[in-house]
Structures are given as C-alpha cells and as structure tokens.
Amino acid sequence: MQQKITKAVIPAAGLGTRFLPATKAMPKEMMPIVDKPAIQYIIEEAVASGITDILIITGRGKRAIEDHFDRSYELEAELQKKGNADIIRELNRISSLASIHYIRQGKPLGLGHAILKAREHVGNEPFAVFLGDDLVKSEEPCMKKMMEIFSRTGFPVVAVSPVEKSEIPKYGIVKARQEGSELIIEDMVEKPAAEKAPSNLAILGRYILTPDIFGILEKTKPGANGEINLTDALRTLGRKKKIYGYRVEGKWMTVGDRMSYLKTVVEYALDRKDVGPEFLSYLRQRIK
Ligand code: UTP
C-alpha cells in the first residue's frame with residue numbers, strides 16, 4: 001500500500017495572455033462556468049478525490065482567487081437580512097472545502113517553476129497537481145482514478161486524452177505502450193508537428209508526482225520558450241522511473257482560450273437542471 005495522497009498543488013500564476021483583455025485584471029482561473037469559477041470545479045474535484053490540503057500558486061492580479069475561498073462577513077450579513085439562507089450555505093460551503101494555502105510564484109517562469117515553489121509545503125510526500133484551467137467532466141473524479149493507479153504502483157501518473165490531428169501542435173504529446181491493463185508513458189514531446197507526433201494522446205492538467213521531481217525541476221534549464229517546463233522535468237524523471245498514464249474517462253474541457261471556454265460553458269450549462277432546458281431552447285431558436 002502506497003502513501004496516501006492528501007496534498008494538491010494548483011499552479012494559477014500564469015498571465016493568461018490567450019484570453020486578454022478579460023484576464024488583464026481577472027485571473028483566468030476565475031472565469032465563470034455558468035455561476036462558478038473554473039477553479040472551484042477543480043477544487044471540488046480535488047476534495048471529492050480525498051485531498052484535504054491545497055496549495056495554490058498565485059501571482060500579481062490573482063487576489064480574486066483568495067477572496068473567493070475566504071469568508072465574506074459583510075456579504076453574509078447582507079444576505080442574512082434578506083433571508084437568503086441557501087446562498088449563505090453555499091458560500092460557507094465554498095470557504096470550508098479544504099485547507100487552502102497560497103504562495104506567490106514571483107515571476108511566471110513556467111509551470112515547472114511554479115511547481116518548484118511548492119517544495120517546502122509538500123515536503124517528502126507524493127502529491128497531486130491540478131492545472132487551474134483544465135476541467136474534467138466525469139462520473140468519478142479524474143484524480144480519484146489516478147490515485148487508484150498510484151496506490152497500485154507507487155509511480156507518477158499523468159492524465160492523457162486523445163485529440164484531433166489539428167490540435168496536436170497545441171499540446172504535450174506522449175509516446176506510450178500498453179502493459180497489460182496499464183498504460184506506460186515512454187516519452188513525451190512538447191507541441192510536436194502532427195506528422196511527427198508519437199501518438200494523438202495529449203497530456204492534460206492532472207498529474208500525480210513524487211517528491212523527487214523537485215530536485216529535477218531545480219536542475220531543469222529553461223526551454224526554447226524561456227520557461228522551465230514540467231514536461232522537460234518529467235522526461236528526466238521518466239528515465240529514472242516508470243511513469244503511468246491514465247486515459248481520461250469523461251470530457252476534458254479547458255478555459256484557456258476563447259473557443260475552448262465557450263464550449264466549456266455550453267457543455268456545463270446544458271447539463272444544469274436549473275438553466276439547461278431554457279438555454280437549450282434558446283440555442284435552438286437562435287440557430288434556426
Ligand atoms: P498556461 O500556459 O495554460 O497558462 O499554463 P498561461 O501562461 O496563463 O496562459 P497563456 O498561454 O499566457 O494564455 C497552465 C497553468 O499553469 C499556470 C497557469 O496559471 C495555468 O493555470 N502557470 C503557468 C503558472 O502558475 N506559472 C507559470 O509560470 C505558467
């Protein structure tokens with residue numbers, strides 16, 4: 001039996017340049033999906049997977065994330081006066097989801113650099129990583145399934161999902177082989193040309209990492225984009241130990257760019273009992 005994973009790291013310090021001007025003063029991770037910010041879905045997935053301690057890596061302009069997961073006494077008092085008990089309960093639920101901590105990245109020098117900031121907090125334990133702009137819509141939480149692989153094997157796990165050929169150059173793509181029922185990651189390439197890609201399986205924003213990743217990240221040089229890339233560190237880790245893959249069951253959605261965001265909102269809105277039916281009939285009328 002492997003050590004239980006209770007800590008998660010959520011890097012949310014990126015500049016969100018693909019979503020400007022919306023992200024000039026508002027964190028990309030706070031973009032609303034119907035009426036909940038993206039990062040709340042992520043934290044709910046973490047909690048549903050058994051995570052009790054979350055470290056969010058933030059930066060300039062990301063205060064809204066801290067405020068969202070904090071109590072708001074003035075707002076509660078105002079709602080109390082109006083007799084709005086349901087929403088007060090929901091707000092209290094949000095602020096007591098998990099023990100949430102924050103650390104600033106300083107300069108956004110890449111995902112690898114952001115994760116390295118978690119070293120002291122995580123200590124010598126395996127931990128989960130959730131990227132602040134990737135959502136997985138599934139019956140069972142994606143991270144819970146990844147934890148099952150980790151508890152069987154004790155090795156790092158990365159989540160992967162097939163993408164269209166035209167989408168391959170946007171992602172980290174893995175070379176993988178099947179070993180019985182397990183998917184073993186042999187290598188990974190950052191944003192390859194579709195013709196040169198080793199598969200169509202893209203890495204998405206869910207990882208289980210072992211603490212030896214920190215020593216590797218510390219030595220990882222910035223890549224061609226000038227950033228310390230997690231993929232480069234994972235390749236080094238993969239030369240030392242096995243890395244397992246988890247094929248996502250369900251839908252991987254992102255809020256990182258305009259088109260993906262629009263699709264994500266529609267996807268979640270249509271499935272909501274309160275707004276879904278009316279929204280669907282509006283869409284039907286609109287495209288007539
Ligand atoms: P992205 O590359 O999608 O985010 O990183 P970005 O840099 O904000 O986006 P663009 O390309 O400028 O539009 C994935 C996740 O890693 C975090 C981001 O906040 C995002 O949640 N990240 C990225 C950091 O925390 N620090 C970094 O230096 C880079």
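One-based numbering, in listed order, for ligands and for the atoms of each.
- Atom 26 (N) of ligand 1 has as its closest protein heavy atom Gln105 OE1, 2.7 Å.
- The heavy atom nearest to atom 10 (P) of ligand 1, out of those in Thr17, Val9, Asn229, Ile10, is found in Thr17.
- At under 3.5 Å, a nitrogen or oxygen of Gly14, whether backbone or side chain, sits near a nitrogen or oxygen of ligand 1.
- The cationic atom of Lys137 (NZ for Lys, CZ for Arg) lies less than 6.0 Å from the six-membered ring centre of Tyr268 and within 45° of the ring axis.
- In the vicinity of Pro108, heavy-atom distances shorter than 4.0 Å reach the ligand 1 atoms 28 (O).
- With distances taken over non-hydrogen atoms, the option nearest atom 13 (O) of ligand 1 out of Lys117, Lys107, Arg18 is Arg18.
- Remark: ligand 1 and Leu131 share no N or O pair separated by less than 3.5 Å (distance only, no angle test).
- Counting heavy atoms closer than 4.0 Å to ligand 1, residue Ala114 contributes side-chain atoms (C-beta onward) but none from N, CA, C or O.
- Side-chain atoms of Asp257 come within 3.5 Å of backbone N or O of Ser260 as a donor-acceptor pair.
- Proximity of Lys28 to ligand 1 is established by a heavy-atom distance of less than 4.0 Å.
- Residue Leu109 approaches ligand 1 through these ligand atoms, each under 4.0 Å from one of its heavy atoms: 28 (O).
- Residue Asp187 forms a salt bridge (charged side-chain N to carboxylate O under 4.0 Å, His left out) with just one option from Arg235, Arg177, Arg239, and that option is Arg235.
- Between the Ser49 side chain and the Lys144 main chain, a donor and an acceptor come within less than 3.5 Å of each other.
- Tyr41 carries Lys36 over the face of its six-membered ring, with the cationic atom under 6.0 Å from the centre and within 45° of the normal.
- Of all the atoms in ligand 1, the ones that sit under 4.0 Å from a non-hydrogen atom of Gly110 are 26 (N), 27 (C), 28 (O), 29 (C).
- Within the structure, ligand 1 has Leu15 among the residues with a heavy atom less than 4.0 angstrom away.
- Checking Ile65, Thr58, Val255 one by one against Glu29, the side-chain contact (heavy atoms from CB on, under 4.5 Å) holds for a single residue, Ile65.
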